[in-house]
Structures are given as C-alpha cells and as structure tokens.
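I have placed the structure first, in the form of structure tokens, so that the comments after it can refer back to it.
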There are 6 protein chains.
Amino acid sequence: MNRRPRILLINPNTTPGFTQRIQHIAAEYAAAGTIVEAVNPQQGPRAIESIYDELLSAPATLELVLQHAPHVDAFVIACYSDHPVIYAAREITTKPVVGIAEATMHMACMLGHKFSVVTTNRQWEPLLWDAVHHYGLAARCASVRSTGLPVLALEEKSEAETYALIHNIAQRAVEQDGADVICLGCAGMSGMDKRLTADLSAPVLDGVICALKFLEGMVHYGISTSKRLAYAKPEPKTLDNLPTIFATAYGNKAR
Amino acid sequence: MNRRPRILLINPNTTPGFTQRIQHIAAEYAAAGTIVEAVNPQQGPRAIESIYDELLSAPATLELVLQHAPHVDAFVIACYSDHPVIYAAREITTKPVVGIAEATMHMACMLGHKFSVVTTNRQWEPLLWDAVHHYGLAARCASVRSTGLPVLALEEKSEAETYALIHNIAQRAVEQDGADVICLGCAGMSGMDKRLTADLSAPVLDGVICALKFLEGMVHYGISTSKRLAYAKPEPKTLDNLPTIFATAYGNKAR
Amino acid sequence: MNRRPRILLINPNTTPGFTQRIQHIAAEYAAAGTIVEAVNPQQGPRAIESIYDELLSAPATLELVLQHAPHVDAFVIACYSDHPVIYAAREITTKPVVGIAEATMHMACMLGHKFSVVTTNRQWEPLLWDAVHHYGLAARCASVRSTGLPVLALEEKSEAETYALIHNIAQRAVEQDGADVICLGCAGMSGMDKRLTADLSAPVLDGVICALKFLEGMVHYGISTSKRLAYAKPEPKTLDNLPTIFATAYGNKAR
Amino acid sequence: MNRRPRILLINPNTTPGFTQRIQHIAAEYAAAGTIVEAVNPQQGPRAIESIYDELLSAPATLELVLQHAPHVDAFVIACYSDHPVIYAAREITTKPVVGIAEATMHMACMLGHKFSVVTTNRQWEPLLWDAVHHYGLAARCASVRSTGLPVLALEEKSEAETYALIHNIAQRAVEQDGADVICLGCAGMSGMDKRLTADLSAPVLDGVICALKFLEGMVHYGISTSKRLAYAKPEPKTLDNLPTIFATAYGNKAR
Amino acid sequence: MNRRPRILLINPNTTPGFTQRIQHIAAEYAAAGTIVEAVNPQQGPRAIESIYDELLSAPATLELVLQHAPHVDAFVIACYSDHPVIYAAREITTKPVVGIAEATMHMACMLGHKFSVVTTNRQWEPLLWDAVHHYGLAARCASVRSTGLPVLALEEKSEAETYALIHNIAQRAVEQDGADVICLGCAGMSGMDKRLTADLSAPVLDGVICALKFLEGMVHYGISTSKRLAYAKPEPKTLDNLPTIFATAYGNKAR
Amino acid sequence: MNRRPRILLINPNTTPGFTQRIQHIAAEYAAAGTIVEAVNPQQGPRAIESIYDELLSAPATLELVLQHAPHVDAFVIACYSDHPVIYAAREITTKPVVGIAEATMHMACMLGHKFSVVTTNRQWEPLLWDAVHHYGLAARCASVRSTGLPVLALEEKSEAETYALIHNIAQRAVEQDGADVICLGCAGMSGMDKRLTADLSAPVLDGVICALKFLEGMVHYGISTSKRLAYAKPEPKTLDNLPTIFATAYGNKAR
C-alpha cells in the first residue's frame with residue numbers, strides 16, 4: 001500500500017496567483033506523507049468561463065499531464081467545470097484523475113440529501129447543470145445559482161463584498177431550494193469554505209480539498225482509472241503539426 | 001485540522017467473524033494516524049439479506065451509534081445495502097456516516113464511466129437497484145448481477161469455487177454490460193478485490209476500504225453531515241417501552 | 001371470490017387516540033361485508049417524523065404483522081411515509097400490504113394529471129420526495145409542500161387554525177404548482193378531506209380510505225403480493241436475543 | 001357514501017362478443033351492490049391495434065360517454081392502451097374514468113416491485129411503452145413483451161395454443177426481466193389470469209377487474225376526476241357538421 | 001433527388017381564416033421549387049384546445065390525409081399539440097409527417113441549450129408538458145408558460161394587447177426560466193416570430209415554418225417515415241358504419 | 001429571406017480525403033442556391049476516436065471557424081461525436097452551427113419512434129451514449145451498437161466486407177433493439193445510407209446530409225444560434241502565447 005502519494009494539481013488557466021493559492025490550500029489539508037505540487041500551463045486563457053476557454057486551455061494542459069505522468073501518482077484538474085481535459089487525461093494515463101467539480105458533488109452526496117452549486121456569471125448555470133447531468137447526479141442537485149458576476153469582476157471587488165454576495169446566494173440555496181450542502185463553484189471562492197460553513201450552519205465544500213482527499217484515498221487503496229472501456233488508451237494515429245510529446249500518449253502501435 | 005480520526009466500523013449483523021474480518025481489512029488500509037475499531041450488535045440476525053433482516057438489526061445497531069458517538073469521529077455502516085440505519089445515524093449524530101454500498105458507487109464514478117454491482121442471491125437485485133436509484137446514480141450503473149446463491153450458502157463453498165463464481169459474474173458485467181468498474185456487493189466477497197482487479201484488468205472495489213478512505217478525508221477536512229434539513233435532529237417525543245438510551249437521540253426539548 | 005375481507009390497520013406509532021381515529025374512518029368507508037380493525041404497537045415512539053422514529057417503531061410493528069397474519073386478509077400500514085415496514089411485511093406474509101402514502105398517490109394518478117402532497121414539518125419534504133421517487137411516480141408529482149410545523153405542534157393548535165394552515169398550503173399547490181389532486185400527508189390531517197375537497201374544488205385524498213378501498217378490491221379479486229422475486233420470503237437464519245416470534249417469519253429451512 | 005355504484009364498461013371496438021365477455025367478467029367480480037353494464041359503439045373498427053384504429057373508434061365512443069354520463073357513476077374504457085378517449089372522457093364528464101391498462105399497472109405497483117406487460121403484435125410494444133411513460137411508471141416496468149401475433153390471428157388459434165404462447169412470454173418476463181407481476185395487455189387474454197397466476201406463481205392481472213375494483217373504491221369514497229386544471233371542461237366552441245350531442249360537452253358558454 | 005416537394009399543410013380545425021394564414025406564411029418561406037397548399041376539414045371544432053377537440057377533429061383530418069396521400073410528398077399537421085393524427089398519419093401513409101409542435105422543439109434544440117413554449121390557456125400547460133415528455137425532450141425544456149387566455153379570447157383582443165401579453169410571458173421564460181429559445185405554442189401567435197425575436201434578442205420560432213423546412217429537407221434527401229415497427233401499416237380489419245375511404249388505409253389483407 | 005446559404009463543412013481531422021468526400025456528398029444534396037465548401041485544419045490528428053483526439057483537433061478547428069465566420073452563413077461540424085467545438089463555435093459566432101451526430105438524431109425523431117446509432121470501435125459506445133444524454137434524447141435511443149473495429153481498420157477492409165459488417169449490426173438494432181431508424185455513426189460509413197435503407201427497409205441517415213438540410217432551413221428561415229444565455233459571447237480575457245486570431249472571439253471589452 002502506497003501511503004506517500006505525490007499529487008499534482010493542474011490549474012488549466014495561466015494565472016500563477018491562482019496556482020499558488022491552490023498549492024497553499026492543498027498543502028494545508030494534505031495527509032501526513034502526501035506530497036502536493038501545483039502547476040499551470042504557459043499557453044492559454046487567464047481564466048476559464050466558457051467551452052471556448054476550455055478548449056484553448058486543453059493542449060497545454062494535456063502536455064503537462066503527459067510530462068508529469070511518469071513522476072506523480074494522481075492528478076487534480078483544478079477548474080470548477082466538467083473540463084474535457086479530465087476525460088482526456090484518464091484516457092492517456094493510468095493514474096487517477098479527479099476534477100474539482102465532481103469531487104465536491106460526490107462528497108456532498110455523502111453529507112446531505114441535496115446539494116447546490118454556487119457559481120459566478122449566469123452562463124455557468126447551463127454549463128454546470130450539464131456537468132451535474134453528465135455525472136449522473138441530477139437527482140441530488142437542488143440548484144445551480146450564480147452571483148451574476150464574471151470571475152475577473154469578482155476579483156475586483158473587496159473581499160467583504162465578495163463574501164456577502166456569495167453568502168447571500170448560498171443562503172437562498174439552503175432556504176429556498178432545500179440544499180443541505182453547498183459546493184463552491186469557482187476558484188475565486190477558495191478559502192471561504194470554513195467561514196461560510198459556520199455562517200450557514202451547513203457544510204460548504206472546496207473542490208481542491210475534496211479532490212485531494214479522494215485521490216489520497218485512491219492512492220492509499222491502490223486503485224486507479226479503469227482502462228477497460230470508456231477510458232482505454234486511444235487508438236494510435238498520426239498527428240500533423242503538433243509537438244511530438246502528444247504522440248507519446250498513444251503508445252507504439254502507430255498507423 | 002484533525003489528522004487522527006477515530007473511525008468506528010459497525011457491522012449490523014451479529015456474526016463476530018465478519019466483524020473481525022472488516023477490522024482486519026480496515027487496519028491494513030488505514031492512513032497513518034487513523035484508529036479503526038469494528039463492533040457488532042448482540043441482538044439481531046446473523047446475516048442481512050432482506051428489509052426484514054435490516055429492520056431486526058436496526059435498534060441494536062442504533063444503540064451502538066448512540067453509545068459510541070461521543071468518542072469517535074466517524075461511522076462506517078458495514079452492510080452492502082441502502083440500510084436505513086445509515087440515515088437514522090445521520091439524524092442522531094453530528095459525525096459523518098458512510099455506508100459501504102454508496103462508498104463503492106461514488107468511488108467507482110471517479111474511476112470509470114459505468115459501474116456494476118456483483119451481489120449474492122437474486123432478491124438483492126431489486127434491493128440494490130433501489131439503492132442505486134436512491135443515491136441518484138442510476139445513469140452510472142451498468143448492471144446489478146447476482147451469483148444466485150444466498151450469503152450463507154456462499155460461505156459454505158470452497159474459496160476457489162466462490163472466487164470462480166464471482167469472477168464469472170464480474171466478467172459478464174464488464175464484457176456484456178459495459179462496466180468499467182466492479183463493486184463487490186457483499187461482505188462475503190471481502191478480500192477478493194485485488195485478485196479480481198488483476199484478473200479482470202478493471203478496478204474491483206471493496207466497500208469497507210472505500211468508506212474508510214472517504215471518512216478519513218472528511219475528518220481531515222473537518223466536514224460532517226449537514227444538520228440543516230434532511231438530517232436535522234428529529235423532534236423530541238416520548239418513547240414507550242424502549243431502553244432509555246434511545247431518548248438521548250432527541251435532545252432535551254421533550255414534548 | 002372473497003367478498004368478506006378482514007383488513008387490519010396498523011398504526012406504527014404508540015398513540016391509541018390516532019389508532020381509534022383511523023378505526024373510525026375505516027369503519028365509515030368500509031364496503032358491505034368488510035371487517036376492519038385497527039391496532040398499534042406497545043413499544044416505540046408516540047409519533048413518527050424521521051427515519052430514526054421509523055426504525056424504533058419497526059420491530060413491534062412487525063410483531064403485530066406476524067401475530068395477525070394468520071387471521072386477516074390484508075394489511076394497511078397507516079403511517080404517511082415510505083415506512084420500511086411495508087416492504088418487510090410483504091416479505092414475511094402472503095397477504096397484500098398497502099401503505100397510506102402510496103395509496104393516495106396511485107389513487108391521485110387516476111383522478112388527475114399531477115398530485116401534490118401536503119405534509120407537516122419541513123424535514124418531511126426530502127423524505128416524501130424520496131418516497132415519490134421510490135414509487136416511480138416523480139413525473140406525476142407537482143410538489144411536496146409542508147406547513148412547517150411538527151405533528152405534535154399541529155395537534156396543539158385549534159382545529160380552525162390547523163385547517164386554515166393546511167388549506168392555505170394546499171391552495172398554493174393547486175394554484176402555483178399545477179396540482180390537480182392533493183394527498184393529505186399526515187395522519188393529523190385525517191377527517192379534513194371532504195371539507196378541503198369542497199373548498200378547493202379539487203379532490204383531496206385521505207390515505208387510510210384509499211388504502212382500505214385498494215385492499216378491498218385486491219381481496220375481492222383474490223390477488224396478493226407477488227412472492228416471486230422482490231418480496232420472496234427471506235432466507236432462514238439464526239436470530240440472536242430477539243423474541244422467538246421473529247424466527248417464524250423465515251419458515252422451516254433454518255441454517 | 002355511495003355503496004351502489006353503477007359502472008359502465010365501454011368497449012371502444014365494435015365486436016359485441018368482446019363486450020359480452022367483459023360484462024360477464026365484471027359481473028363475476030363486482031362487489032355486492034355494484035351494477036355493471038357493458039356497451040360498445042356501432043361505428044368504428046372491430047379491433048383496435050393502432051393509433052389510427054383508436055381515432056376511428058373515438059367519436060362514437062365519446063357519444064356513448066355523453067349519452068350515459070347522466071345515469072352512471074363511473075366509466076371503464078376497456079381497451080388495453082393509452083386510448084385518448086380516457087382523457088377526453090375525463091374532460092367532458094365529472095364522473096371517474098379509468099382505462100384498463102393504467103388500472104393493471106397501478107395495481108401491479110402495490111403487489112410487486114416491477115411489472116411486465118404481455119401484449120399481442122410487436123407494434124404494441126412502442127405504443128405500450130409510451131403508455132407506461134405517459135403514466136409516469138417507467139421505473140416500475142420490467143418489460144413489454146409481445147407474442148408477435150395480431151389480436152384477430154390470436155382469436156383464430158385454439159385456446160390451448162394461445163394459452164401456451166402467452167404463458168411462455170409471461171414466463172420469460174418473470175425469469176429474464178425480473179417482473180414480479182404480469183399485466184395481461186390484450187382483451188383476447190381475458191379469463192386467463194387465474195390459471196396463469198397459478199402456473200407462474202406470480203400475480204397476473206386482468207384490466208377489466210382492476211379498473212372495476214378501483215372505480216368501486218372511488219365511488220364508495222365519493223371522489224372523482226379533478227376538474228381543476230388538466231381535465232377542466234373544454235372551452236365552448238362551434239362544431240361543424242357533427243351530431244349535436246357533441247356540443248353538449250362544452251356547457252352553455254358558446255363562442 | 002427530389003427538389004420539387006409538394007407539401008400539404010393540414011389545419012385540423014374548421015376555421016378557413018387560419019388555413020389561409022398558414023398557407024400565406026408557408027408560401028413566403030418555401031424554398032425555390034417547393035409547392036405548398038393548405039387545407040382544413042369541413043367537419044369538427046373551430047378551434048382545438050383539449051383532447052376532446054382533438055378527437056372530434058381526427059376522422060375528417062385523416063380523411064384529408066388519405067385523399068391527398070397519392071398526390072403530395074409530405075404533410076404538416078398544423079396544430080400546436082401532440083395531436084394523435086400525427087401518428088395515425090404516419091401509420092397510414094409512406095410520406096413524412098411533421099407536427100408543428102415537435103418541429104419547433106427539435107429546431108430549438110439546435111439553436112440553444114433550453115427552450116420554453118408559450119401557449120394560451122392554462123389547460124395547455126399539462127398537455128404540452130406531456131408532448132415534451134412524449135418527444136423525449138423534457139431535459140431541454142425550461143418551461144411551458146401560458147397567457148391564461150383561451151385561443152378565441154386571444155383573437156378578440158387588439159393585436160397590440162395580444163403582442164404585449166405574449167412578449168411579457170416570453171420574456172419571463174428567458175429571464176426567469178433560462179430559456180435560450182422560445183417556441184410559439186399557438187397558431188394565433190403566427191406572424192409574431194420576427195418581431196419577438198428582435199425584441200427579446202432570442203430566437204422565437206413559428207411551427208409552420210419549422211415543419212416546412214424540415215419536410216423540404218426530408219424530401220430533398222429522399223427519406224421518409226420508417227414503416228419498420230412503430231408506424232407500420234395497421235393490420236386490416238372490418239370497419240362498421242364508416243365512410244369506405246377509411247378502409248383503404250389498411251391495404252388488401254382484410255380479415 | 002436568404003435563399004442562397006453559404007454553408008461551410010468543417011472536418012476537424014486532418015485527412016483531406018475525408019474532407020473531399022463530404023464536400024462531394026453535400027454538393028449532391030444541396031438545395032438550388034446553396035453554396036457548400038468543405039475544409040479541414042492543418043494541425044491535429046488524422047482521425048478522431050477519443051476525447052484526447054477531440055481536444056487536439058480543437059484549436060485549429062476553432063481557428064477555421066474564426067477565419068470563415070465573416071464569409072459564411074452556417075457551419076457543419078462534420079465529426080460524428082458530441083465534439084466540444086460545436087458549443088465553442090456557437091459561443092464565438094452568431095451563425096448557426098450543427099454537428100452531424102445531433103443532426104441525425106433530431107431527424108430520426110421525426111421519422112420513427114426510436115433510433116439506433118451504429119458506430120465503429122467499442123469505446124465510442126459510452127461516448128455516444130453521453131452524446132445522446134447530452135442532447136436530452138435518451139428516451140428516443142434504442143441502442144448504440146459498434147462494429148468493434150477502429151475507424152482506420154475499417155478503411156483497410158474491402159468495401160464489401162465493411163458493408164456486410166455494418167449491415168449486420170444495423171439489422172440487429174432494428175430486429176433486436178426495436179430501432180425504427182438507423183443513424184450512421186462514423187464518417188467512414190458515408191455513402192452507404194441509400195443502399196442500407198433499401199436492404200433494411202428502414203431509414204438510414206447520413207449526418208452530413210441531415211446537418212446540411214437543417215442549416216439550409218435555418219438560413220432560409222433567418223434564424224440562428226441564441227446568444228441569450230448558454231451560448232453568449234465569452235467574457236474577454238488575456239490569452240497567453242496563442243495566435244492573435246483567438247482573441248478576436250471575445251470582442252473588445254478586454255480585461
């Protein structure tokens with residue numbers, strides 16, 4: 001049994017400040033023996049708020065997966081969305097990969113009857129409902145509620161204003177929608193979980209911590225992504241005009 | 001942050017041999033710092049294979065929850081079913097409670113696209129489908145397959161025969177039903193997970209280990225059952241002709 | 001064809017006043033030839049408002065089932081919930097068993113397009129939604145609405161206040177949620193159905209009456225619970241430290 | 001309380017032999033005090049096996065509803081389908097209306113965990129699945145299986161052959177699909193329910209009897225179709241070139 | 001490839017003014033080469049607002065289908081509902097048949113994430129939700145909202161009042177329910193699509209145009225209704241007291 | 001009304017032979033007045049068979065969307081999958097965008113009761129089921145069946161062998177799964193639709209043609225992607241180390 005997991009947190013956007021923040025949070029909550037490291041790609045958008053942004057962030061993020069796969073035991077994809085990189089990473093490595101959105105939702109299911117997700121701008125509502133449906137958890141989701149402000153606008157407000165805004169939305173989810181648990185649906189909300197938990201008298205979950213704890217558990221147990229069907233290694237094929245590292249994902253049966 | 005969780009495993013049937021087995025498994029997989037202990041009630045059925053059996057096991061199991069709640073950090077309910085004691089325990093304590101069936105299913109969702117449950121006699125099939133639906137995970141479940149033998153009959157067979165039977169059923173789940181991950185749906189299958197994983201080339205999950213790792217994560221993170229709505233403490237009321245410990249669950253607002 | 005059904009109503013809480021009330025209602029609506037009797041256990045909670053309460057009421061209620069099974073034709077489980085005793089009773093007898101919650105909902109489906117359930121305290125909302133899902137009737141349920149008061153608090157109010165409260169909630173279900181039919185989701189509301197039906201211009205259903213009429217129909221027709229798969233008699237097993245009557249449920253193939 | 005229900009069975013096809021058969025069955029199972037009568041339209045198809053057939057049978061069947069509504073207490077629509085006349089009849093009368101397909105399915109839900117429908121030609125499979133979905137009962141339906149023969153071909157076979165064919169299909173539903181209860185999905189199967197129940201050791205339901213018992217219960221209880229929303233009386237309007245009786249359905253607010 | 005489709009629009013109500021209106025709209029949007037014609041039956045209701053109305057309109061509408069089938073390439077059923085004539089027409093012809101409600105909804109699914117339907121009186125809400133479920137599109141439907149006025153009352157208002165009413169309801173669907181696209185759920189709203197699209201900054205769809213474009217595409221492609229299973233020609237049978245044209249639908253294998 | 005649509009078909013893989021094939025098919029089925037052009041990116045995988053492949057194809061494909069958006073009226077994304085580029089393209093242009101998988105499925109829903117998808121290797125089964133669920137069409141899908149061979153292996157077989165293999169799988173979908181319509185789930189199957197339709201007596205749909213006809217209809221009608229909520233233009237942000245064209249998608253409100 002492996003009790004010394006090396007866990008890589010990949011922030012798929014290019015903002016180093018966010019990468020440092022999640023590294024800090026993960027270090028604080030890591031179990032004895034766990035080594036955590038956070039990285040971000042050099043190429044792509046500074047924030048991810050659309051499928052377009054996700055796709056622009058994907059190649060450089062996958063490059064990080066391929067580079068680090070031989071040296072780490074598990075991957076956190078630290079973007080609160082159903083980022084397609086999660087599934088591509090499962091296809092191309094044998095190590096477990098957990099996204100921070102799914103981590104909060106599975107955790108919430110074991111702490112309450114229904115959860116709500118609190119997110120930033122309104123466009124995230126359909127995207128996160130799609131995520132909830134994709135995870136098969138629609139029956140457990142009370143609501144997806146947004147603050148109505150984009151991520152970067154949120155960053156521009158004072159901490160007190162931001163906190164008040166998020167607290168207000170989370171409270172409605174609990175009181176009007178019947179949520180037992182709140183999932184913080186944006187990296188910009190990281191670090192507010194404990195205070196909100198106390199103020200709302202309901203568990204409020206940070207995705208980085210949830211994903212970290214799940215991956216520690218998987219590595220301790222010695223289990224990993226199934227390569228049997230859905231996440232089998234992709235069929236080898238020629239890649240045109242892409243860095244050679246991408247071809248290493250396929251193995252050696254090139255066609 | 002609490003890095004020294006005391007986790008109580010409650011086997012709701014009265015067979016001490018099974019209690020010892022889960023204690024042994026949990027001890028093997030516990031993180032550094034975790035203290036695990038397994039107990040079982042003195043009153044109730046020797047095995048649980050029906051809702052009738054569940055209900056007969058319930059009062060003495062809840063008594064264990066009430067007795068141990070002040071001294072432990074988390075509870076595993078070690079019966080592969082949607083045992084109603086899981087929910088009652090969430091109502092009457094503030095500590096996290098995880099059942100071994102839900103634990104395997106949530107773990108499976110982060111390792112594959114679909115999971116199957118392998119269980120014992122055929123009557124478990126509707127019961128475990130109900131569990132899957134109750135957890136809201138029907139869209140992720142490829143199949144519930146049974147060996148056709150009751151738990152105790154399974155125990156009477158040689159280990160090789162039992163293994164062959166379970167391997168055969170699990171293989172069909174993978175090859176015919178498209179399961180990426182197998183959940184071992186019976187305590188009698190405990191200890192076969194690693195060998196089956198190797199033979200099937202697909203993750204095969206033991207519920208006690210999954211629940212243990214989830215609870216360690218919750219205690220490390222400092223999160224617990226939401227008492228906000230679904231699992232709020234029940235309204236106080238008079239209990240007729242029951243041991244006085246049961247009244248302690250309600251708090252002091254007696255009516 | 002049996003046109004003289006003996007139907008036993010089991011109130012699983014220990015409050016004799018409620019038992020008398022349902023006996024009275026059933027007697028009023030019983031068909032010519034039907035014999036109704038209502039009983040309650042001597043052990044357990046005075047009211048049932050949580051899964052914990054359900055489980056404390058279960059053994060003594062099942063004892064009643066086992067005692068009466070040879071002498072009656074059918075059982076009503078008179079608790080407005082998805083009480084697990086309904087299923088255990090189906091496992092251990094060959095007589096039909098109907099719960100009062102499912103009875104109102106199936107009846108409502110033949111009288112309108114959508115139904116709503118009106119219940120007491122808010123914690124019943126998730127419990128009754130779970131019931132609706134378990135019955136497979138979620139697509140027919142417009143809403144579950146609660147008065148926000150616990151059962152026993154409701155009893156303390158004047159009849160006029162209680163009526164006004166329930167009428168108000170039911171009206172919202174009809175006008176805002178699109179309910180065609182209202183299911184009275186608490187025993188404390190028994191006897192209000194006719195007046196509410198008149199005041200709301202919509203059918204309002206009492207569970208005891210619905211269950212009684214369904215069971216009369218089943219006994220007239222000569223049909224009963226299927227023992228084929230889900231409700232087959234449980235496998236025999238040793239019971240530790242329980243009254244001997246519980247062992248009679250398993251039949252003679254003791255292991 | 002009305003203990004003398006007058007229940008009209010409407011066979012929407014034009015075959016008097018079938019009308020007599022259902023009259024006979026209903027008379028056999030009617031409660032003391034119930035008056036049953038069966039009728040069929042003079043215009044329309046001899047059998048109903050498609051939506052086209054349903055629509056050709058509709059006007060004359062609705063005419064029967066309008067003619068009899070003042071004199072009867074309840075209507076059975078005796079066609080094993082989701083015949084749209086059921087809903088139109090609910091719109092234009094205040095008396096309860098039950099179809100024989102929905103009657104078997106709601107009855108089955110209180111007798112087992114899953115039901116299957118056994119029908120005639122294969123085209124009925126999608127039609128009856130649509131019915132199951134429309135009733136909101138898909139989660140309770142194990143399968144819809146057909147004999148592969150149209151109704152009238154079935155009538156041409158010897159009774160022994162027909163029985164063997166239906167028994168065989170029903171047995172597969174029980175053994176392979178996990179059905180606890182069988183719904184006989186064609187009038188041509190009427191009268192086989194008791195023998196099949198015995199041979200399969202599982203309840204096998206006749207729709208005419210189920211609908212009769214439900215309607216007796218509704219009339220005893222004094223409840224009827226909700227006129228509140230979905231089945232409100234249609235807005236009055238001019239009808240061109242149709243018998244004047246059809247205009248009586250709208251009431252006097254003609255536009 | 002057939003680039004000269006002859007498309008018949010059938011208005012199932014008997015109001016010629018509406019027939020002219022849809023003829024006009026279809027002519028405006030028809031592709032080069034397409035011939036459109038609109039007809040209505042001489043027998044039936046002047047407006048369709050209930051299942052009763054649908055059934056009274058059915059025989060004469062099906063007669064139109066049978067009369068025109070040899071001479072046209074495709075049928076629009078121009079009633080905003082899940083009119084059963086759509087399915088009967090698919091059974092009895094080999095030409096494609098599209099209803100205007102399903103046309104708007106499938107179109108909407110390719111233009112946005114969620115659609116809402118705006119309809120007339122409140123009784124249409126359950127009917128159109130049933131339609132949405134029948135099409136299998138419930139997950140894509142944000143809401144069905146009604147103006148609360150019956151079709152004919154709507155016609156009596158000034159155009160400005162009607163527009164304001166519909167605009168108001170559609171705006172709520174977009175702003176409160178999260179609809180990306182609006183489906184105009186009533187013929188009386190025809191011709192308002194372009195103005196609403198501009199005022200709401202969201203696509204607003206007219207069913208006649210959507211159905212026309214889909215059928216042009218089908219005829220161009222050379223594809224038509226599957227006669228393989230669900231819409232196979234009905235089994236031949238005797239029809240009593242109906243015009244002889246109805247028997248031609250069955251083919252020559254009369255029984 | 002625009003009757004001269006310029007429709008761009010984007011093949012997201014880098015194999016020019018496939019691009020030529022779809023150009024040829026589209027030209028054959030285009031309406032009078034429609035101008036079709038097919039292109040493919042110069043960077044990315046030669047075939048797309050996994051989420052990894054999708055993500056590697058995304059940036060260069062989106063570059064094509066941005067380059068061509070000012071000059072064309074509509075986009076076909078010609079990859080039989082729920083390729084995330086479909087959604088990103090909807091976010092960054094105002095022109096309608098249709099994927100070939102969704103096109104076949106919506107078309108199938110208007111031609112039959114259930115459809116099946118026939119695809120290549122088995123790993124596509126979970127991916128295409130996910131697509132079906134994402135489109136909200138699970139209730140209409142009879143099955144997703146695969147030939148078990150990867151795309152490129154399929155290309156290496158003789159045409160007769162390939163045809164026989166696909167015919168065989170499609171036949172099982174019709175006969176065993178109850179599919180009325182078959183969707184050809186791979187570009188390598190293009191051109192077989194007419195022959196399969198004849199051999200199976202059931203419509204068999206090519207995605208390029210279906211998407212083309214839908215887009216022609218949208219352009220004729222003058223409707224396009226809703227920019228209201230889900231596909232609103234993404235918030236502007238800095239892009240690091242990416243070609244400048246990608247920044248043009250955001251408009252000028254850079255943060």
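Note on naming: letters A, B, ... go to the chains in the order of the sequence lines (proteins, then strands), and numbering restarts at 1 for each one.
In this structure, A:Thr197 OG1 and B:Tyr221 OH are separated by 6.5 Å, a value rounded to the nearest 0.5 Å. In this structure, CE in A:Met218 is found 4.5 Å from CG in B:Leu111, a value given to the nearest 0.5 Å.
Using a 4.5 Å heavy-atom cutoff, the side chains of B:Ser201 and A:Lys227 are not in contact. A heavy-atom distance below 4.5 Å is not found between the side chains of A:Tyr29 and B:His220.
The residue among A:Asp206, A:Val181, A:Val98 with the most heavy atom pairs within less than 4.5 Å of chain B is A:Asp206. The most heavy-atom pairs under 4.5 Å with chain A, out of B:Gly99, B:Ala139, B:Pro203, B:Gly33, come from B:Pro203. Ranking B:Ile86, B:Val97, B:Leu200 against chain A, the residue ahead of the rest is B:Leu200, based on heavy-atom pairs under 4.5 Å. Per-residue counts of heavy-atom pairs under 4.5 Å with chain B were compared for A:His113, A:Met110, A:Arg90; the largest is that of A:Met110. Interface check for chain A: of the options B:Ala138, B:Ser224, B:Ala232, the most heavy-atom pairs under 4.5 Å are formed by B:Ser224.
Within the 4.5 angstrom heavy-atom criterion, only side-chain atoms of A:Lys194, from C-beta onward, approach chain B. In this structure, the portions of A:Leu205 lying under 4.5 Å from any heavy atom of chain B include both its backbone and its side chain.
For the pair A:Asp180 (side chain) and B:Ala230 (backbone), a donor-acceptor distance under 3.5 Å is present. Judged by distance alone, the side chain of B:Arg140 and the main-chain N or O of A:Tyr135 form a donor-acceptor pair under 3.5 Å. Side chain of A:Arg228 to main chain of B:Gly112: no donor-acceptor pair is present (N/O by atom type, distance under 3.5 Å, no hydrogens or angles).
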Taking it one step at a time, do A:Ile223 and B:Met107 satisfy side chain to side chain contact (heavy atoms under 4.5 Å, CB included)? CA-CA 10 Å; A:Ile223 52 178; B:Met107 188 67 94; 3.8 Å; yes
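Considering all non-hydrogen atoms of both residues, A:Glu102 and B:Cys109 come closest at OE1-O, 4.4 Å.
Proximity to chain A among residues 171-178 of chain B is limited to B:Val174, B:Glu175, B:Gly178, judged by heavy-atom separations below 4.5 angstrom.
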